[in-house]
Structure formats: C-alpha cells, structure tokens
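Computed from heavy atoms alone, side chains included, the values below leave out hydrogens, waters and symmetry copies. All figures in this text were calculated on a predicted structure; none of them were measured in a lab.
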Amino acid sequence: MEKLIERAKAIRLAIFDVDGVLTDGRLYFMPDGTEFKSFNTLDGHGIKMLIASGVEVAIISGRKSPLVERRAANLGIKHLIQGREDKLTALAELREIVPVEMHEIAFLGDDLPDLPVIRRVGLGMAVVSADGFVREHAHGITSARGGAGAAREFCELIMRAQGTLDKAQAAYL
C-alpha cells in the first residue's frame with residue numbers, strides 16, 4: 001500500500017475507463033435498440049471531490065455513448081475521448097491538451113484494451129472485477145467491483161495520498 005500512496009502523491013490527471021469501471025460492465029439494450037447504463041452515485045461524488053481537490057479528470061472509453069457524454073457533463077469531467085480501442089494513442093492526444101508527465105497520470109481500467117495505459121502511467125490500477133491478466137499487471141487493485149464503488153476508492157486513494165481527503169470530507173460537516 002505504501003508504494004501506491006507514493007505513486008498517488010504525484011497524480012495530476014486521473015483517467016477512467018467506463019464499461020466495467022464506472023459501470024458494472026453489463027450492456028443493456030431496449031427492444032428499440034436504445035442503450036442504458038447504470039452509474040454509481042458514490043463513484044460520481046468521488047470524482048467530483050477529486051476534481052475539487054485540483055486533479056484533472058478524464059474518460060477514455062472504447063465505446064461511444066451519449067449516456068457517457070451526459071454523465072461526464074454531470075460530473076464536470078472536461079476531457080472525454082470515446083470510441084477509441086487504442087487507448088495509448090488516445091492518452092497521447094489527451095496529454096497534448098493536459099500537459100502532464102506519465103508519472104503524474106493515474107488510470108483505472110478493467111480489460112485488455114486498458115492494459116497498455118495501465119502499464120505506462122504512474123499509477124495504473126484495475127478494479128477487482130477486472131480480467132485476471134490485467135489485475136496481474138496493475139500497480140494495484142481496488143477492493144470494490146467496477147460500478148460498485150471502485151472509482152470512489154481510486155479517487156480517495158489519490159486524495160488521501162495528497163492530503164486533500166480530510167478537507168473534502170470536512171466540507172460536509
């Protein structure tokens with residue numbers, strides 16, 4: 001855990017995958033073809049607190065969905081890249097907009113398309129429900145499943161390491 005805390009201290013940009021990380025990974029389609037997703041409010045509030053603490057937040061997703069656009073807007077996430085299986089290239093494009101070093105980036109993922117980014121950033125983590133090979137190569141693994149508090153845990157790890165979690169929580173007292 002000490003190594004994770006050390007890595008988390010330097011984070012200036014936190015990136016999230018969507019399906020399997022911000023959701024439980026299941027895809028829901030209505031008979032008319034419309035799609036819906038279920039997001040966890042605890043995860044959402046963790047992301048809002050992380051943004052308020054001064055860490056930039058982004059989403060890189062392999063799928064494209066207007067629901068993700070809406071969720072990102074609701075949470076105040078300014079950087080959204082969708083429909084991109086090559087997440088390493090998407091990360092390079094994001095770094096042109098948000099100039100940070102690789103060791104200042106955290107990424108939370110769950111499946112093989114996330115692995116190149118997980119292995120190259122300063123803090124590459126997997127949700128406990130992630131593919132086994134991905135978990136094996138991540139710096140750390142959340143105790144919560146994707147869509148069930150994993151993003152909140154990831155956010156709180158970063159804020160705890162940077163000394164901003166207590167202030168974020170105290171704002172609600």
Side-chain angles (χ1 to χ4, degrees), residues 11 13-53 55-98 105-121 123-159:
I11 300 307
L13 171 63
I15 306 170
F16 297 86
D17 177 38
V18 177
D19 295 320
V21 173
L22 296 180
T23 74
D24 65 8
R26 291 184 276 185
L27 300 175
Y28 300 92
F29 295 97
M30 301 301 289
D32 66 1
T34 59
E35 175 183 353
F36 72 92
K37 296 178 182 288
S38 175
F39 296 96
N40 186 300
T41 58
L42 292 175
D43 288 342
H45 197 72
I47 290 170
K48 285 182 174 184
M49 289 191 312
L50 188 62
I51 292 169
S53 79
V55 174
E56 290 277 346
V57 173
I59 289 174
I60 298 177
S61 179
R63 298 186 74 246
K64 188 168 178 61
S65 167
L67 298 171
V68 174
E69 289 176 27
R70 175 184 272 169
R71 184 64 173 155
N74 289 152
L75 297 177
I77 297 172
K78 296 185 279 186
H79 311 289
L80 173 61
I81 300 174
Q82 294 194 85
R84 300 292 293 281
E85 284 294 323
D86 183 352
K87 294 186 179 183
L88 207 51
T89 300
L91 174 61
E93 293 168 12
L94 181 59
R95 288 183 64 212
E96 291 177 14
I97 300 164
V98 183
I105 302 170
F107 185 87
L108 183 61
D110 74 313
D111 209 351
L112 295 173
D114 303 322
L115 193 53
V117 176
I118 288 171
R119 294 187 68 213
R120 285 172 180 81
V121 297
L123 177 61
M125 290 187 62
V127 297
V128 72
S129 49
D131 172 79
F133 190 70
V134 174
R135 289 192 317 266
E136 184 179 314
H137 287 89
H139 296 125
I141 302 166
T142 64
S143 59
R145 299 177 63 79
R152 176 68 166 261
E153 184 180 331
F154 180 71
C155 292
E156 288 187 359
L157 168 71
I158 295 168
M159 289 184 289

Which pair of non-hydrogen atoms, one from Ala106 and one from Ile158, has the smallest distance, and what is that distance?
CB-CD1, 4.0 Å
Just so I know, are the side chains of Leu123 and Phe107 near enough to count as touching, which here means a heavy-atom distance under 4.5 Å?
no
Do you know the tightest heavy-atom contact between Gly149 and Ala144?
C-CB, 3.6 Å
Among pairs that include at least one residue of residues 136-152, which meet salt bridge (Lys or Arg N to Asp or Glu O under 4.0 Å), considering only residues two or more places apart or in two chains?
Arg152-Glu156
Shortest non-hydrogen contact between Leu94 and His79, atoms and distance
CD1-CB, 3.6 Å
Please evaluate residues Arg84 and Thr89 with respect to the criterion side-chain contact (heavy atoms from CB on, under 4.5 Å), reporting the C-alpha separation (whole Å), side-chain torsions for both, the decisive distance (0.1 Å), and the verdict.
CA-CA 9 Å; Arg84 300 292 293 281; Thr89 300; 3.7 Å; yes
Side-chain heavy atoms of Met125 within contact of Thr142, under 4.5 Å
yes
Aromatic plane relationship, Phe16 with Phe154 - under 30° parallel, 30 to 60° tilted, over 60° perpendicular
perpendicular
Report the C-alpha separation of Glu153 and Ser143 in whole Å, then their side-chain angles, then the decisive distance to 0.1 Å, and conclude whether the side-chain contact (heavy atoms from CB on, under 4.5 Å) test is met.
CA-CA 8 Å; Glu153 184 180 331; Ser143 59; 3.0 Å; yes
Are Gln82 and Val68 side-chain neighbours, meaning at least one heavy-atom pair lies under 4.5 Å?
yes
Close side-chain approach of Arg95 to Ile105, heavy-atom, < 4.5 Å
yes
Do side-chain atoms of Arg120 reach the backbone of Pro116 as a donor and acceptor pair under 3.5 angstrom?
yes
Can you list the steps and then say if Val18 with Arg71 is a side-chain contact (heavy atoms from CB on, under 4.5 Å)?
CA-CA 10 Å; Val18 177; Arg71 184 64 173 155; over 6 Å; no
Rounding to 0.5 Å, atoms CG (Leu157) and CG (Leu108) come to a distance of 10.5 Å
Reported CG-to-CD1 distance for the pair Leu80 and Ile59, which is rounded to 0.5 angstrom
5.5 Å
Please round to the nearest 0.5 Å and tell me the distance separating atom CZ of Phe133 and atom CG of Asp111.
11.5 Å
Check side chain to side chain contact (heavy atoms under 4.5 Å, CB included) between Arg135 and all other residues, then give those that pass, not counting sequence neighbours.
Ala126, Ala130, Ile141
Would you indicate whether the side-chain heavy atoms of Lys87 and Ile15 approach each other to under 4.5 Å?
no
Which heavy atom in Val117 sits nearest to a heavy atom in Leu88, and how many Å separate them?
CG2-N, 3.8 Å
Using only atom types and a distance under 3.5 Å, with no angle test, would you say the side chain of Asp43 pairs donor to acceptor with the backbone of Ala151?
yes
Taking every non-hydrogen atom, the tightest pair across Ile51 and Leu75
CD1-O, 3.5 Å
Mind checking the CG-CD spacing from Leu50 to Glu56? Nearest 0.5 Å is all I need.
10.0 Å
Can you list everything that forms a salt bridge (Lys or Arg N to Asp or Glu O under 4.0 Å) with Lys37? Sequence neighbours excluded, please.
Asp19, Glu35
Please evaluate residues Ile118 and His137 with respect to the criterion side-chain contact (heavy atoms from CB on, under 4.5 Å), reporting the C-alpha separation (whole Å), side-chain torsions for both, the decisive distance (0.1 Å), and the verdict.
CA-CA 8 Å; Ile118 288 171; His137 287 89; 5.7 Å; no
Closest heavy-atom contact between Asp110 and Asp17?
OD1-OD2, 2.8 Å
Return the NE2 to SG distance between His45 and Cys155, rounded to the nearest 0.5 Å.
10.5 Å
